[in-house]
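We're numbering straight along the sequence, starting at 1. Values below: every heavy atom of this structure, side chains too, minus hydrogens, waters and symmetry copies.
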Amino acid sequence: MLSREKFTMLLAKYASDILSTEERNELFDCITSGVYEDVLLQHIEQNLRNKNMEGSDLLPQRSAGILHKILSSEKQNSLLIPKRSKLKMIYWAGAAAIIIGIIFSLFLIKNAEKKDNFSALAFTKNIDERANTTAQPLKIKMEDGSFITLQPGSAIRYATHFLPDKREVFLEGEAFFEVSKNASRPFFVYSKNLVTRVLGTSFTIKANRKNSQVEVAVRSGRVEVYENKSSEKDNDAKTKGGVILLPNQKVIYNQATSIFVPSLVDDPSPVVKDSVDKKTPVESFVFEDASLKKVLASLEKTFEIDMVVENENLYNCLFTGDVSQQDLYTKLNIICQAIQASYEIKETKILIKGPGCN
């Protein structure tokens, strides 16, 4: 039997029309059992009457009427609820609650054409929505101490109070997240059909409105990114068809093809590590006759990016110079020119190419 939490999650996915065949069967089997029938009715009726419906065209009185009409007409229900062979839909009340949930979610979103994960919040009693209608980034502090910086034209939706075991935010557009650490309460961000799961880190999510692509770029910490329609039974990102991202890494996800393309961020930043005094020692980038191996080790330590050489002879090359003020790619250009080499970005690694030195 499904847990209460998973049952609610499947209802939300049903409202978003993103259920897999397996999930659909699980949901309707549970509805047939009638286990959560009274919970469904009570919860949906409360949602229809709460303050989030104010200002919409669906008034509480009308909502109650719709609910009563559906519950009192088995014939009407049979037209609304998808039929399954060898399955008798005995508990119409539970099924009707799903229909009302869909109606509620559409008014909550306020745009019927936006078929994304925001509608999952239709089953949460108190919902907050923040939109950035200004021309400047908008920084928002969450109740758990996390910060979300919304870019102009972007919006987020979330429960007024996070659940005890997880924190969930639904994003439309672009935002930078600084998530407070809590290993027992992971933070989930839903954008289009993509889920980003973290324990405590900073990262950016950008959904392209003109196509089905979503970009997730990590500044610090560790992030798991995977498709929302993946089965909950899969416990790691690899089996979900997703990726694990580390600092200065990003992934571009194409919803149409379900393809993840990992790479480095456009402008890698020094990674600030946690310490007792919250200060990270600054790595020196002033070298005098330093081996390339030492130079690359300093870059790897600061940016947490793997540096790979094409052949071992490159380690014999020496570099002298001050590259303290340049960004990572400018540093690499200067170093490679000095030793007659070049570099190439290979997904999330940097490959140094050249004949090397004797």
Which distance, rounded to the nearest 0.5 Å, do you find between the CG of Leu314 and the OG of Ser291?
11.5 Å
For the pair Glu26 and Lys6, find out whether any cationic side-chain nitrogen is under 4.0 Å from an anionic carboxylate oxygen.
yes
Evaluate side chain to side chain contact (heavy atoms under 4.5 Å, CB included) for Phe177 paired with Val198, printing each intermediate quantity in order.
CA-CA 10 Å; Phe177 294 80; Val198 300; over 6 Å; no
Quick one: CD on Gln213 to OG1 on Thr257, what's the gap to the nearest 0.5 Å?
8.0 Å
Can Glu174 and Glu215 be said to form a side chain to side chain contact (heavy atoms under 4.5 Å, CB included), step by step?
CA-CA 9 Å; Glu174 179 179 356; Glu215 178 181 302; over 6 Å; no
Does any non-hydrogen side-chain atom of Phe319 lie less than 4.5 Å from one of Glu288?
no
Do Val265 and Leu245 belong together in a cluster built from hydrophobic side chains that touch within less than 4.5 Å?
no
In this structure, CG of Leu150 is separated from CD of Gln136 (nearest 0.5 Å) by 13.5 Å
I'd like to know if Arg157 and Asp128 make a salt bridge, using a cut-off of under 4.0 Å between side-chain N and carboxylate O.
no
Spatial distance of atom OG (Ser191) from atom CD1 (Ile156) [nearest 0.5 Å]
12.0 Å
Honestly, is Lys353 close enough over Tyr343, meaning NZ or CZ under 6.0 Å from the six-membered ring centre and within 45° of the axis?
no
Is it the case that over 12 heavy atoms from other parts of the model lie below 6.0 angstrom from the CD atom of Glu300?
yes
Evaluate the side-chain proximity of Thr204 to Thr149: yes if any heavy-atom separation is below 4.5 Å, no if none is.
no
For residues Ile345 and Leu328: do they belong to one hydrophobic cluster (side chain heavy atoms under 4.5 Å, members Ile, Leu, Val, Met, Phe, Trp, Tyr)?
yes
Look at the aromatic rings of Tyr190 and Phe188 and report parallel, tilted or perpendicular, splitting at 30° and 60°.
parallel
Evaluate the side chain to side chain contact (heavy atoms under 4.5 Å, CB included) criterion for residues Arg185 and Ser180: first the C-alpha distance (whole Å), next the side-chain angles of each, then the deciding distance (0.1 Å), finally the verdict.
CA-CA 10 Å; Arg185 206 180 186 193; Ser180 62; over 6 Å; no
Under 4.0 Å between a side-chain nitrogen and a carboxylate oxygen: does that hold for Lys349 and Glu347?
no
Answer yes if Ile352 and Phe285 sit in the same cluster of Ile, Leu, Val, Met, Phe, Trp and Tyr residues linked by side chain heavy atoms under 4.5 Å apart, and no otherwise.
yes
